[in-house]
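To start, the structure itself, in C-alpha cells.
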Number of protein chains: 2
Amino acid sequence: MSAAEFHLSKAEIVELLRRHRISPTQQRVEIAQIVLSKPQHLSADEVLALAHERGSRVSKATVYNTMGLFARVGLVREVIVDPTKVFYDSNVSEHHHFYNVDTGELMDIPAGAVELGTLPDLPKGTQAAGVDVIIRVRSQ
Amino acid sequence: MSAAEFHLSKAEIVELLRRHRISPTQQRVEIAQIVLSKPQHLSADEVLALAHERGSRVSKATVYNTMGLFARVGLVREVIVDPTKVFYDSNVSEHHHFYNVDTGELMDIPAGAVELGTLPDLPKGTQAAGVDVIIRVRSQ
DNA sequence: CTGCTTGCAAAGGCTTTGCAGAACA
DNA sequence: TGTTCTGCAAAGCCTTTGCAAGCAG
C-alpha cells in the first residue's frame, strides 16, 4: 500500500473498507480513521484511548475485533516484539523495526537499511507468510 | 556459547551456574539440566512439565524466576514470536528462526542461511541489544 | 426482516507478586 | 545465622468469549 492511504476522508475510508470486503460500520470507520491517519504503531489500548479522546463510543471488545479483522485483510500489520502486548502498524509496506526494550518504543527502520539476501529454504510443507526483522536496542 | 555446553553432568551444571554468578540451588540445577541438555525451544509450561516428568518438585513460580534469570545472564535466549507465550532457546549462538503460525512450531534457521548486511544506524542514544529475524511460515 | 456487529462483563491464559517457610553459604 | 530462594495462592494484564440488544443491507 502506498502513502496515499493516509489522510483519508470518511468516504474514502468507507470505500477502502468495502474494497477489503469489510462492512463499514460506524465503529470500524472511526477506528480506521484513527489508525490509518498516518504511519504509526499502536497497541489495542492506545487505539481505544484515541477513540475515546475523539468522542467515539467504542468498546474494548470492538477494538480487538476490529484490529484483528484489519490485520487479517492486510490493512494493518501485527508486530510482535513485546510479550505483554501486540502492536498494530499502519504501515503495511515492507519494512523492519527497532524496538527499545527500555522504553517500549517501536520505530521503523528506514526502508532499504536492512538487506536480507535470498530467503533460506523453508521447512518442508510450508510457505512464507512474512519476514520480521527486529533490532532490539537499549537506551544508553 | 558452543555446543560443548550440551550434555552436561550435574557437576558441570553447578560450575556453569557459578560462572554466571548464579547460586546453584537444587531447582536451578534441575531446570538447567532439562533446558540445556540440547538445543531446543521450550515455553515455561513445557519446562515445568519436563521437570515434573523427571520427578522434580519445582513450582511454576520458580520456573518463571529461573528462566528469567537464565535469560538475563545469557544462558538462554527469549524468543518472542507468539503473543501468547515466550519461548526460551537453549541455543544462544547467533541464529534466527522459522515460526509456523499454524502449528506454533519454532525452528532454527541454519546458521549463515540469512545474510544481514551491516546494521543500520541505531536511533540516537541507543545501543544494540540483539537482532531477531523471524520468518513466519504457514503449513500448505 | 435476518444476519452481522456491538458492548458489557465474565472468563481465560500466561506471567508476576506477596509472603511464610526452607535452603544456601 | 543472615540472606537468598522456593512454593503456594492470589493478583495482574492483555485478550477472547458469551450473549442480549442494536445496526446494516
Side-chain angles (χ1 to χ4, degrees), chain A residues 10-11 13-15 17-32 34 41-52 54-73 75-76 78-88 101 104 106, chain B residues 10-11 13-15 17-32 34 41-52 54-73 75-76 78-88 101 104 106:
Chain A
K10 179 162 175 176
I13 291 278
V14 168
E15 174 54 23
L17 295 184
R18 284 231 164 82
R19 269 209 303 281
H20 287 272
R21 325 225 153 195
I22 293 175
S23 166
T25 66
Q26 187 181 318
Q27 288 84 343
R28 287 169 178 169
V29 171
E30 287 169 349
I31 291 172
I34 290 166
H41 307 108
L42 297 172
S43 65
D45 238 38
E46 290 169 336
V47 173
L48 183 63
L50 287 171
H52 286 169
R54 267 171 119 261
S56 297
R57 298 162 297 310
V58 187
S59 72
K60 185 181 289 195
T62 296
V63 168
Y64 276 104
N65 284 338
T66 301
M67 295 312 292
L69 181 59
F70 285 2
R72 246 176 288 126
V73 302
L75 279 171
V76 299
E78 290 184 344
V79 183
I80 297 161
V81 288
D82 179 333
T84 74
K85 60 173 179 278
V86 173
F87 285 101
Y88 295 96
V101 297
L106 188 63
Chain B
K10 179 163 176 178
I13 292 277
V14 168
E15 174 54 23
L17 294 184
R18 285 229 163 84
R19 270 208 303 282
H20 287 272
R21 324 221 154 200
I22 293 175
S23 164
T25 66
Q26 187 180 317
Q27 287 85 342
R28 286 168 178 170
V29 171
E30 286 169 349
I31 291 172
I34 290 165
H41 308 108
L42 297 172
S43 65
D45 238 38
E46 290 168 336
V47 173
L48 183 64
L50 287 172
H52 285 168
R54 266 172 118 261
S56 298
R57 298 163 296 311
V58 188
S59 72
K60 184 181 291 197
T62 296
V63 169
Y64 276 104
N65 284 338
T66 301
M67 296 311 291
L69 181 59
F70 286 2
R72 247 174 288 125
V73 302
L75 279 171
V76 300
E78 289 184 345
V79 183
I80 298 162
V81 288
D82 179 334
T84 74
K85 61 172 177 276
V86 173
F87 285 101
Y88 295 97
V101 298
L106 187 63

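Below, chain A is the first sequence line, B the second, and so on; all start at residue 1. Side chains are part of it too, since the values below use all heavy atoms of this structure and drop only hydrogens, waters and symmetry mates.
Using modelled atom types, one finds no donor on one side chain facing an acceptor on the other under 3.5 Å when comparing A/Ser43 with A/Asp45.
Put simply, CE on B/Met67 is 13 Å from P on D/dT6, counting in whole angstrom units. Between B/Ile22 atom CD1 and D/dT6 atom C1' the separation is 16 Å, expressed in whole Å. Distance CG (A/Asn65) to P (D/dC23): 17 Å, rounded to an integer number of Å. The distance between atom CD1 of B/Ile31 and atom C1' of D/dC5, rounded to the nearest whole Å, is 12 Å. The separation between B/Asp45 atom CG and C/dG12 atom C1' is 14 Å, rounded to whole Å. In this structure, A/Leu17 atom CG and C/dC4 atom C1' are separated by 15 Å, rounded to whole Å. A straight line from CG of A/Leu42 to P of D/dC14 spans 15 Å, rounded to a whole angstrom. Atom pair B/Glu46:CD and C/dG13:P shows a separation of 16 Å (rounding to whole Å applied).
At the phosphate of C/dG7, OP1 or OP2 sits under 4.0 Å from a side-chain N or O atom of A/Thr62. An OP1 or OP2 oxygen of C/dG7 is reached within less than 4.0 angstrom by a side-chain nitrogen or oxygen of A/Gln27. Neither OP1 nor OP2 of D/dT16 sits under 4.0 Å from any side-chain N or O of A/Tyr64. Distances shorter than 4.0 Å separate none of the side-chain N or O atoms of B/Thr25 from OP1 or OP2 on D/dT4. Between B/Arg28 and the phosphate of D/dC5, there is a side-chain N or O to OP1/OP2 separation shorter than 4.0 Å.
With distances taken from any side-chain atom of B/Ala44 to the nucleotides D/dC14, C/dT15, C/dC24, the minimum falls on C/dT15. Proximity note for B/Val86 (side chain, C-beta onward) versus D/dG25, D/dC8, C/dT15: the nearest is C/dT15. Across C/dC14, C/dT17, C/dC8, the shortest atom-to-atom separation from the side chain of A/Ala61 is found for C/dC8. Relative to the side chain of A/Lys85, the nucleotides D/dT15, C/dC14, C/dT6 differ in distance, and D/dT15 lies closest.
Scanning all heavy atoms of the two residues, the minimum distance from A/Ile34 to A/Ala51 falls at CD1-CA, 3.3 Å.
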For this session: Determine, step by step, whether A/Phe70 and A/Leu17 satisfy the side chain to side chain contact (heavy atoms under 4.5 Å, CB included) criterion, reporting the C-alpha distance in whole Å, the side-chain angles of both residues, the deciding distance to 0.1 Å, and the verdict.
Result: CA-CA 9 Å; A/Phe70 285 2; A/Leu17 295 184; 3.8 Å; yes

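Counting heavy atoms from C-beta on, the side chains of B/Arg28 and B/Ser23 come closer than 4.5 Å. Inter-residue side-chain proximity for B/Gln27 and B/Ser56 is flagged as unmet; no heavy-atom pair is nearer than 4.5 Å.
Checking B/Val58 against B/Pro83, the closest nucleotide of DNA chain D that is more toward the 5' end is the one next to B/Val58. Ranked by how close their nearest DNA chain C nucleotide is to the 5' end, B/Pro24 and A/Ser23 are led by A/Ser23. Nearer to the 5' terminus of DNA chain C, by closest-nucleotide assignment, is the contact made by A/Leu69 (compared with the other of A/Leu69 and B/Thr84).
For CZ of A/Arg54, the number of neighbouring non-hydrogen atoms (other residues, nucleotides, ligands) closer than 6.0 Å is greater than 12.
If you check every strand for non-hydrogen atoms under 4.0 Å, B/Arg18 touches sugar and phosphate atoms only.
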